[in-house]
Participant: 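Below is the structure I would like to discuss, written out as structure tokens.
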Amino acid sequence: MKNSFAIDIVPGNDPERVAAMARYRLFDTPAETVFDNMTLLAAATFQTSVALISLVGSDTVFFKSTVGVGKVRCAERGESLCALAIMSPGVMVFEDALKAPQVADSVPVKQGVRFYAGAPLESPDGYLIGTICIADFRPRTFSTNDRKVLETLSRVVMEQMELRLAAMNEVEAQKQLAEEKDAFLSVASHELKTPLTSLTASLQLLDRLQPDKTTPFGKMLAQASRSLQKLNRLVTDLLNVRRIATGNLPLNRSRFRIGQLIEDCCAHIHLEGRYQIQLEGKKELEVFADEQKIEQVIVNLVNNAIKYAPTSYHIYISLSCQDHRARVSVRDEGPGIPANKLPHIFERYYRSENQRTSGLGLGLYIISEIIRQHGGELGVESEIGRGSSFWFTLPLN
Ligand code: ADP
């Protein structure tokens with residue numbers, strides 16, 4: 001590394017210091033408003049033409065945020081005053097750089113810099129990883145109070161970097177957790193599938209042997225079939241999550257009338273004699289889609305209405321045509337979903353807390369993927385106390 005300064009600019013602990021800096025994953029990343037606001041604040045407070053937030057790497061200095069240097073985003077370490085500023089704690093100041101022998105012949109001073117003040121960014125474990133600095137093309141004075149202000153700004157920048165790191169770590173931990181859940185559930189669901197298939201076959205056989213549903217045995221059989229259906233749906237959901245994660249959810253498209261499909265599949269949903277489904281609108285609309293998967297979407301939305309809006313005895317399904325697309329909406333008159341939860345309900349494993357019902361938080365995630373793969377959209381409108389309306393669109397045949 002070429003050093004244009006008259007003193008050494010590499011501290012003894014440089015490898016560890018660079019590693020500490022890299023931990024924040026900010027080097028060579030795009031500008032971020034939060035840091036840009038701080039350089040703007042620094043330039044405005046000290047009335048300087050230049051303000052920077054810099055990170056000192058092993059060979060280059062990266063500017064995470066800049067004011068007054070145009071598109072420049074980095075400098076050679078040996079040509080940056082920031083490299084000098086991280087040599088010791090406390091603010092480094094050159095009120096008139098031409099009069100300071102250690103920097104008078106350096107590249108930045110030759111380029112016109114006369115004033116420089118830089119406060120090191122100190123990581124919690126004591127490494128000086130970069131600076132917040134101000135500079136100007138004419139000499140100027142810098143008071144003790146100015147030092148305090150710049151030092152305080154450097155602490156605020158550091159706190160912001162810590163917060164950013166904590167948020168990134170949290171997101172990664174959640175992602176890893178979701179991946180671990182996926183892996184476990186994938187194995188578990190594969191293991192469950194085989195006995196479930198043979199159980200389903202046995203129940204179907206028993207059903208044929210005992211067609212009378214009014215006998216106690218017939219009733220128990222019907223109940224067992226319903227439970228088994230639920231279990232089958234759960235296992236299919238789990239298998240689908242794995243398929244989605246690996247981009248392997250094949251569509252088997254055909255042409256069908258969506259109104260007919262809704263009528264057929266709603267006839268199979270167990271409504272406990274309490275719920276009524278009202279289908280309205282353009283029942284004749286035809287789509288070209290995977291019928292089984294669209295059935296899964298509708299069944300899921302209706303089951304959710306029953307589960308989360310248990311006192312809404314009417315469930316309205318309406319069919320309309322919008323921009324050459326079929327639009328299906330499933331509306332309940334239940335408690336609605338709070339606005340702060342709405343953006344999350346389609347996320348994998350998301351369940352709103354304080355919930356008395358059971359579930360895996362996978363239903364909406366899976367059906368949103370199914371709709372997405374069809375080139376459609378899935379959304380929700382909800383109002384507290386008035387109910388929710390889940391809708392999806394599909395390209396028309
Ligand atoms: P699960 O039912 O397993 O929790 P879903 O992905 O189907 O998973 O739903 C995610 C969350 O969305 C639910 O936990 C619930 O809080 C909310 N939700 C879904 N449908 C409705 C609805 N019709 N009314 C109110 N909340 C709903």
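All ligand and atom numbering here is 1-based and tracks the order in the structure. These numbers come from a predicted model, not from an experiment.
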Participant: Compute the minimum heavy-atom distance from K341 to ligand 1 and say whether it is under 4.0 Å.
Facilitator: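 So K341 does not count as touching ligand 1.
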Participant: Using a 4.0 Å heavy-atom cut-off, say whether L364 meets ligand 1 through its side chain, its backbone, both or neither.
Facilitator: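 Near ligand 1, L364 shows its backbone as well as its side chain.
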Participant: Check R25 with E32, please: is the shortest side-chain N to carboxylate O separation under 4.0 Å?
Facilitator: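 Answer for the salt bridge query: no.
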Participant: Hey, which atoms in ligand 1 end up nearer than 4.0 Å to a heavy atom of K307?
Facilitator: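 So the answer, numbered in order with elements, is 2 (O).
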Participant: Which of the listed options, V302, N304, N303, holds the heavy atom that is closest to atom 7 (O) of ligand 1?
Facilitator: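 Nearest heavy atom to atom 7 (O) of ligand 1 lies in N304.
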Participant: I'd like to know if F346 contacts ligand 1, where contact means a heavy-atom distance under 4.0 Å to any ligand atom.
Facilitator: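 It does not, in that no heavy atom of F346 comes within the 4.0 Å cut-off of ligand 1.
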Participant: For ligand 1, is S388 a contact, meaning one of its heavy atoms is under 4.0 Å away?
Facilitator: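 Distance cut 4.0 Å: S388 passes for ligand 1.
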Participant: Could you go step by step and tell me if E122 and M158 meet the side-chain contact (heavy atoms from CB on, under 4.5 Å) rule?
Facilitator: CA-CA 7 Å; E122 184 173 350; M158 202 58 235; 5.7 Å; no
Participant: Could you give me the CA-CA distance, side-chain angles and deciding distance for I317 and C266, then say whether side-chain contact (heavy atoms from CB on, under 4.5 Å) is met?
Facilitator: CA-CA 10 Å; I317 305 187; C266 288; 3.9 Å; yes
Participant: Under 3.5 Å, is there a donor-acceptor pair linking the side chains of Y313 and E333?
Facilitator: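 No pair is found: no donor N or O on one side chain lies under 3.5 Å from an acceptor on the other.
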Participant: Is ligand 1 less than 4.0 angstrom away from at least one heavy atom of A309?
Facilitator: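 So A309 does not count as touching ligand 1.
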Participant: Do F27 and F62 make the cut of ring centroids closer than 6.0 angstrom?
Facilitator: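 Distance test on ring centres: under 6.0 Å, yes.
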Participant: Mark up the atoms of ligand 1 that fall under 4.0 Å of a heavy atom belonging to I345, in ascending order.
Facilitator: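 So the answer, numbered in order with elements, is 10 (C), 12 (O).
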Participant: Can you list the ligand 1 atoms lying under 4.0 Å from a non-hydrogen atom of G359?
Facilitator: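 Counting from 1, the qualifying ligand atoms are 3 (O).
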Participant: Does an N or O from D332, backbone or side chain, lie closer than 3.5 Å to an N or O of ligand 1?
Facilitator: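 Yes.
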Participant: Below 30° counts as parallel, above 60° as perpendicular, anything between as tilted: where do the rings of F142 and F46 land?
Facilitator: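 F142 vs F46 ring planes: tilted.
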Participant: Between S106 and S4, does any side-chain donor sit less than 3.5 Å from a side-chain acceptor?
Facilitator: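 Note: S106 and S4 side chains miss the donor-acceptor criterion.
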Participant: side-chain contact (heavy atoms from CB on, under 4.5 Å), that's the test. Do F115 and V50 meet it? Break it down for me.
Facilitator: CA-CA 10 Å; F115 166 80; V50 175; over 6 Å; no
Participant: So is Y308 polar-close to ligand 1, meaning N/O to N/O under 3.5 Å?
Facilitator: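 Yes, Y308 has an N/O under 3.5 Å of an N/O on ligand 1.
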Participant: Could you see which bit of L362 sits under 4.0 Å from ligand 1, with heavy atoms only: side chain, backbone, both or neither?
Facilitator: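 For L362, only backbone atoms sit under 4.0 Å from ligand 1.
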Participant: Should you measure from each heavy atom of Y350, which atoms of ligand 1 turn up under 4.0 Å away?
Facilitator: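 What qualifies from ligand 1 is 10 (C).
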Participant: Could you tell me the separation between the CZ atom of F137 and the OG atom of S49, rounded to the nearest 0.5 Å?
Facilitator: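 Interatomic distance, F137 CZ to S49 OG, rounded to 0.5 Å: 5.5 Å.
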Participant: Give yes if a backbone or side-chain nitrogen or oxygen of L360 is under 3.5 Å from a nitrogen or oxygen of ligand 1, and no if not.
Facilitator: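 Among all N and O atoms of L360, at least one is under 3.5 Å from an N or O of ligand 1.
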